[in-house]
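In what follows, every chain begins at residue 1, and chains take the letters A, B, ... in the order their sequences are listed.
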Amino acid sequence: MKLLTLNFLTCARKQCKSTAAAFPLHPKEAELEQVEIDVNPLFIKNMLPRLDWEAMKVLTQELGLPNLPAETPAAEELANEDGEPSQTLKDLHILLMETSIATGKLACGNCGHEYAVKEGIANFLLPSHMV
Amino acid sequence: MLPTPSTSHVNYDHIYEPSEDSYLLLDTLASPTETAFLRSQSPADSPSPLVLEVGTGSGVVLAFATAHAGLIFGRSDILTLGIDVNPFACDATRQTALLAVKEAWGAQQASGVFLDGVCSDLTAVMKPRSVDVLIFNPPYVPTANLPSPPEKYDADASGSSFDRDLYLSSLATDGGVEGMEITHRLLAQLPSVLSRRGIAYILLCAGNKPEQVMGSIRNWPTPHDGGGVWLAEKVSSSGKKAGWEKLGVIRIWRSEAQG
């Protein structure tokens with residue numbers, strides 16, 4: 001699963017839903033893979049306003065990936081003077097779109113429950129006593 | 001007519017096969033009224049809309065929306081995400097979507113960005129107010145009983161593959177009382193999962209009493225975040241049967257805030 005997907009998910013338990021600690025989910029024992037995808041500069045630009053930058057900083061740190069800048073890059077930082085995609089945009093593309101969790105676990109920061117990721121697919125189904 | 005995504009790689013022993021209801025959803029999303037409505041709710045250059053399909057099955061509907069993003073949403077910077085309780089369906093959805101996007105690139109069409117297929121009970125795992133377009137083709141067939149809840153499903157530990165396939169197919173079709181038990185649960189999640197500009201498309205059959213369903217949605221309380229009232233309209237239908245259409249798609253969204 002792509003790192004960007006984690007921007008939209010929380011713990012699936014009802015009791016965690018309204019707590020800040022249920023987002024983002026924390027990768028554990030994660031095996032990463034790089035899946036090459038064509039760069040879509042317009043997408044990076046218009047997706048950025050809805051990206052939780054603080055959450056992404058936490059994720060990159062926990063996964064041992066290069067640190068992100070302190071603040072969300074401004075729109076003008078995404079293109080060079082000649083209008084071509086900047087290194088900042090390419091880095092974001094690689095991090096959000098191409099970096100994927102192949103196997104591992106995703107832990108809730110509130111209840112500690114761990115969800116499995118197998119063959120790139122995360123499973124958030126809960127046993128009935130935990131729903 | 002836009003081409004329908006290929007699903008020839010999908011194993012229909014344990015995944016719902018695209019059928020009349022799936023195709024009605026494709027036609028609805030590609031209809032002139034709905035493409036115009038989607039563009040007015042998420043105009044080009046507004047933040048990228050997140051399109052979530054719940055109960056993707058083969059992935060044919062989500063793959064269609066992703067591959068034809070330019071024609072449907074008027075923009076290629078949409079995000080699409082699929083949810084299913086059946087892990088086989090999550091995998092099939094990913095394959096169907098990636099294949100359709102690849103074909104769209106080959107045909108030089110503007111396609112959107114497919115994120116992932118994830119296994120979840122309806123929208124339980126979604127961050128509140130994150131979804132801009134939600135598509136749901138529910139298990140809508142009225143049945144005496146519902147299959148046991150989709151608990152953490154362990155494909156290796158369960159019984160014979162025949163039992164497993166029977167169970168998975170009942171999850172895809174059986175809707176309990178009036179075929180509405182699962183849909184009622186999904187409807188109850190909409191106010192918290194949809195964004196302010198959010199739209200939901202839900203497929204219903206005549207047995208689901210669609211007029212009654214729409215009536216109750218229009219009576220939902222005014223949301224606290226940004227006001228407006230809940231609206232519901234039937235936007236497409238197929239197969240007349242005794243005065244009632246056999247299948248229909250309703251659109252649910254919020255009006256502009258008053259004053």
Side-chain angles (χ1 to χ4, degrees), chain A residues 1-20 22-25 35 37-52 55 75 93 96-98 100-101 106 108 113-131, chain B residues 42-50 52 69 75-94 98 101-102 105 110-132 148-155 189 192-193 195:
Chain A
M1 79 184 311
K2 296 179 176 68
L3 289 196
L4 181 55
T5 302
L6 290 173
N7 187 58
F8 301 103
L9 309 182
T10 68
C11 181
R13 295 178 78 177
K14 247 193 199 127
Q15 60 179 74
C16 296
K17 229 45 210 169
S18 55
T19 67
F23 175 85
L25 295 165
V35 185
I37 295 173
D38 294 298
V39 184
N40 180 338
L42 180 69
F43 169 73
I44 298 289
K45 173 176 164 274
N46 287 335
M47 178 272 306
L48 214 49
R50 56 184 309 175
L51 190 67
D52 190 312
H93 171 78
L96 300 169
M97 295 303 300
E98 296 194 342
S100 305
I101 300 176
L106 295 167
C108 172
H113 186 71
E114 294 182 340
Y115 301 93
V117 184
K118 282 182 196 166
E119 292 172 29
I121 293 174
N123 191 330
F124 296 100
L125 297 180
L126 291 160
S128 51
H129 69 274
M130 286 184 69
V131 176
Chain B
S42 293
D45 244 28
S46 63
S48 296
L50 175 65
L52 172 73
R75 56 196 294 177
S76 65
D77 57 337
I78 66 155
L79 286 145
T80 66
L81 182 67
I83 281 179
D84 206 288
V85 291
N86 175 351
F88 297 112
C90 296
D91 190 40
T93 296
R94 181 168 60 177
L98 295 180
V101 166
K102 205 170 134 192
W105 272 87
S111 57
V113 174
F114 173 74
L115 279 177
D116 274 298
V118 301
C119 222
S120 167
D121 177 27
L122 301 178
T123 67
V125 74
M126 295 307 297
K127 198 176 172 195
R129 293 180 225 301
S130 59
V131 179
D132 299 300
S148 57
E151 296 189 4
K152 202 172 165 57
Y153 182 74
D154 188 345
Q189 296 174 345
S192 56
V193 79
S195 68

Item to complete: Any chance you could lay out the side-chain contact (heavy atoms from CB on, under 4.5 Å) test for B:Leu115 and A:Leu4, step after step, and finish with the verdict?
Response: CA-CA 8 Å; B:Leu115 279 177; A:Leu4 181 55; 3.8 Å; yes
Worksheet item: Going through the checks in order, is the side-chain contact (heavy atoms from CB on, under 4.5 Å) test met by B:Ser76 and A:Asn40?
Response: CA-CA 8 Å; B:Ser76 65; A:Asn40 180 338; 3.9 Å; yes
Item to complete: Verify side-chain contact (heavy atoms from CB on, under 4.5 Å) between B:Asp45 and A:Leu42, making sure each step is shown before the conclusion.
Response: CA-CA 9 Å; B:Asp45 244 28; A:Leu42 180 69; 4.0 Å; yes
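- With hydrogens and angles disregarded, a donor-acceptor distance shorter than 3.5 Å links the side chain of A:Lys17 to the backbone of B:Ala124.
- Note: A:Tyr115 OH to B:Ser120 OG = 8.5 Å, rounded to the nearest 0.5 Å.
- Heavy-atom distances place both the backbone and the side chain of B:Leu50 under 4.5 Å from chain A.
- Between the side chain of B:Lys127 and the main chain of A:Leu9, no donor-acceptor pair closer than 3.5 Å is present.
- B:Arg75 places a side-chain heavy atom less than 4.5 Å from the side chain of A:Asn46.
- In terms of heavy-atom pairs under 4.5 Å with chain B, the best-connected choice from A:Cys11, A:Ala12, A:Ser100 is A:Ala12.
- We find that B:Asp77 and A:Lys45 are not joined by a salt bridge, their nearest charged nitrogen and carboxylate oxygen being 4.0 Å or further apart.
- In this structure, chain B has a heavy atom under 4.5 Å from the side chain of A:Met97, while its backbone stays farther away.
- The heavy-atom pair separating A:Glu119 from B:Arg94 by the smallest distance is O-NH2, 3.1 Å.
- Residues B:Pro128 and A:Thr10 approach most closely at CD-CG2, 4.2 Å, considering heavy atoms.
- Counting only distance, with no hydrogens or angles, the side chain of B:Asp121 and the backbone of A:Leu126 share no donor-acceptor pair below 3.5 Å.
- Ranked by heavy-atom pairs shorter than 4.5 Å toward chain B, the options A:Ser18, A:Pro49, A:Ala122 are led by A:Ala122.
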Practice prompt. Determine, step by step, whether A:Leu125 and B:Val85 satisfy the side-chain contact (heavy atoms from CB on, under 4.5 Å) criterion, reporting the C-alpha distance in whole Å, the side-chain angles of both residues, the deciding distance to 0.1 Å, and the verdict.
Written response: CA-CA 7 Å; A:Leu125 297 180; B:Val85 291; 4.2 Å; yes
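- Annotation: maximal heavy-atom pairing with chain A below 4.5 Å, among B:Leu79, B:Asp91, B:Val101, B:Leu81, occurs at B:Leu79.
- Within the 4.5 angstrom heavy-atom criterion, atoms from both the backbone and the side chain of A:Phe8 approach chain B.
- For a residue to count as touching a neighbouring chain, one of its non-hydrogen atoms must lie under 4.5 Å from one of that chain's; by this rule B:Ser192 does not touch chain A.
- At a threshold of 4.5 Å between non-hydrogen side-chain atoms, the residues A:Ile121 and B:Cys90 count as touching.
- For A:Arg50 (side chain) and B:Ser48 (main-chain N/O), a donor-acceptor pair under 3.5 Å exists by modelled atom type.
- Only the side chain of B:Val113 comes within contact range of chain A, with heavy atoms under 4.5 Å apart.
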